[in-house]
Engineer: 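I'd like to ask you about the structure that follows.
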Amino acid sequence: MLAGLAQDRCLVMGVVNVTPDSFSDGGKWLDAATAIRHGIDLVAQGADLVDVGGESTRPGALRIDAEEELRRVLPVIKGLVSEGIPVSVDTMRASTGRQALEAGAAIINDVSGGRADPDMMGLAARTGSPIVLMHWREHSDVMQKHTAYDDLVTDITTELLEQLDAAVAAGVDPAQIILDPGLGFSKTGEQNWTVLAHLEEFVALGPPLLVAASRKRFLGEVLAGRDGQLRPTDGRDDATAAISALSALAGAWCVRVHEPAASADAVRVAARLAREDRA
Ligand code: PMM
């Protein structure tokens with residue numbers, strides 16, 4: 001059992017972005033009290049845990065400094081932990097991760113998979129904290145210039161396993177590692193669909209798999225109107241829930257979503273269906 005969370009079905013992680021500029025909810029939860037209330041609401045909607053992040057990673061985003069990141073996330077993590085809510089901290093910085101763990105966070109969610117901060121793997125090793133290692137090539141300001149692959153699924157797998165090997169070499173317990181193919185990070189819209197079509201291969205690597213498609217641009221593209229306009233972010237939650245059902249059926253450990261209600265139902269449907277003998 002990872003981070004004390006049940007594993008009889010795919011889990012649902014709700015998102016609280018304490019940022020002014022995240023692509024779908026930037027600025028909505030910037031004040032700590034509002035962010036805490038939102039996290040509590042996500043759990044009421046069916047989230048099993050809440051992911052708290054202070055640094056936007058949308059394509060083109062610039063980095064903020066460590067003090068500002070900490071100022072944004074720490075009160076929110078403390079507030080949610082005091083409500084008994086399992087929290088993950090979405091950070092690429094070991095210093096932020098350390099303080100978040102001290103404040104009671106249960107999981108480190110590092111979108112750089114340990115590549116951005118050389119101290120991150122050591123932190124996970126020392127604390128025994130579960131850690132999400134996402135497939136990542138470059139920081140958000142330039143990541144979309146790094147979408148060339150010889151063979152998409154093979155290359156992502158190879159690079160993810162390099163990150164996993166680095167973690168284990170640094171002393172991280174393999175049982176505490178979660179992998180994530182990193183939808184939208186150094187990937188084009190088309191490439192995201194290819195990744196989703198091969199989820200079972202990522203599940204077969206062994207570690208629990210996190211899938212985070214929620215509201216991303218490639219969903220806006222597939223839902224575009226006749227005029228070619230992308231479906232706005234707040235109209236992408238039904239498609240997100242569809243991806244949650246498909247991810248759960250493919251064996252994902254967890255889906256990361258902004259609106260948990262429909263995904264919480266979707267993962268239960270998938271779990272029930274998975275129990276049927278399809279021979
Ligand atoms: N995507 C975003 C943020 N954090 N974490 C993981 N593990 N995987 C992701 O794909 C991921 C993430 C960007 O989306 P947001 O701005 O809506 O939070």
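All ligand and atom numbering here is 1-based and tracks the order in the structure.
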Engineer: Of all the non-hydrogen atoms in the protein, which one sits nearest to atom 9 (C) of ligand 1, and at what distance?
Structural biologist: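 Residue, atom and distance for the closest contact: A212 CB, 3.3 Å.
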Engineer: Tell me whether R215 reaches ligand 1 (any heavy atom closer than 4.0 angstrom to a ligand atom).
Structural biologist: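 Under 4.0 Å: no for R215.
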Engineer: Check whether N192 reaches the backbone of G184 with its side chain - one donor and one acceptor, N or O, closer than 3.5 Å.
Structural biologist: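 Yes; judged by distance alone, with no hydrogens or angles, the pair exists.
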Engineer: Should you measure from each heavy atom of L210, which atoms of ligand 1 turn up under 4.0 Å away?
Structural biologist: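 That gives atoms 7 (N) of ligand 1.
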Engineer: Just one of L133, I131, L2 clears the side chain to side chain contact (heavy atoms under 4.5 Å, CB included) bar with I178, so which one?
Structural biologist: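 Option passing the side chain to side chain contact (heavy atoms under 4.5 Å, CB included) with I178: L2.
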Engineer: So is M134 in contact with ligand 1, going by heavy-atom distances below 4.0 Å?
Structural biologist: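 Contact check M134 vs ligand 1: positive.
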Engineer: Identify the closest protein heavy atom to atom 10 (O) of ligand 1: which residue and atom is it, and at what distance?
Structural biologist: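 Looking only at protein heavy atoms, the one closest to atom 10 (O) of ligand 1 is K216 NZ, 2.7 Å.
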Engineer: For atom 12 (C) of ligand 1, what is the closest protein heavy atom, and at what distance to 0.1 Å?
Structural biologist: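 I find the closest protein heavy atom is V111 CG1, 3.5 Å.
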Engineer: Let's go through E69 and T91 carefully: what are the C-alpha distance in whole Å and the side-chain angles of both, what is the deciding distance for side-chain hydrogen bond (donor to acceptor under 3.5 Å, both in side chains) to 0.1 Å, and is it a yes or a no?
Structural biologist: CA-CA 9 Å; E69 182 183 33; T91 185; 2.9 Å; yes
Engineer: Which residue holds the protein heavy atom closest to atom 13 (C) of ligand 1, what is that atom called, and what is the gap in Å?
Structural biologist: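 For atom 13 (C) of ligand 1, the nearest protein heavy atom is T57 OG1, 3.6 Å.
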Engineer: Evaluate D51 for polar contact with ligand 1, using N/O atom pairs at a separation under 3.5 Å.
Structural biologist: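 Min N/O separation from ligand 1 is not below 3.5 Å for D51.
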Engineer: Name the orientation class of the two ring planes belonging to Y149 and H135 (parallel below 30°, tilted from 30 to 60°, perpendicular beyond 60°).
Structural biologist: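 Y149 and H135: tilted rings.
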Engineer: Taking the side chain as C-beta and beyond, is there a heavy-atom pair between E201 and P181 under 4.5 Å?
Structural biologist: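 No, their side chains stay 4.5 Å or more apart.
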Engineer: Do me a favour and list the nearest non-hydrogen protein atom to atom 5 (N) of ligand 1 with residue, atom name and distance?
Structural biologist: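 Heavy-atom neighbour on the protein nearest atom 5 (N) of ligand 1: N109 ND2, 3.1 Å.
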Engineer: Taking the side chain as C-beta and beyond, is there a heavy-atom pair between M143 and P59 under 4.5 Å?
Structural biologist: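 With C-beta onward as the side chain, the pair touches.
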Engineer: Purely on distance, is any nitrogen or oxygen of N17 under 3.5 Å from one on ligand 1?
Structural biologist: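 There is such a contact, yes.
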Engineer: Name the closest protein heavy atom to atom 17 (O) of ligand 1, giving the residue it belongs to and the distance to 0.1 Å.
Structural biologist: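 For atom 17 (O) of ligand 1, the nearest protein heavy atom comes out as H258 NE2, 2.7 Å.
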Engineer: May I ask you to identify the nearest protein heavy atom to atom 2 (C) of ligand 1, giving residue, atom name and distance to one decimal place in Å?
Structural biologist: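 Result: R256 NH1, 3.6 Å.
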Engineer: Can you tell me which residue and heavy atom of the protein come closest to atom 6 (C) of ligand 1, and the distance to 0.1 Å?
Structural biologist: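 So the nearest neighbour among protein heavy atoms is D180 OD2, 3.1 Å.
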Engineer: With a 4.0 Å cut-off on N to O distance, would you call R98 and E102 a salt bridge?
Structural biologist: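 Salt bridge: yes.
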Engineer: To the nearest 0.5 Å, what is the distance between CG on L49 and CZ on R256?
Structural biologist: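 L49 atom CG to R256 atom CZ measures 10.5 Å (nearest 0.5 Å).
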Engineer: Testing V89, V76, N109 for side chain to side chain contact (heavy atoms under 4.5 Å, CB included) with V52, which one passes?
Structural biologist: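 That would be V76.
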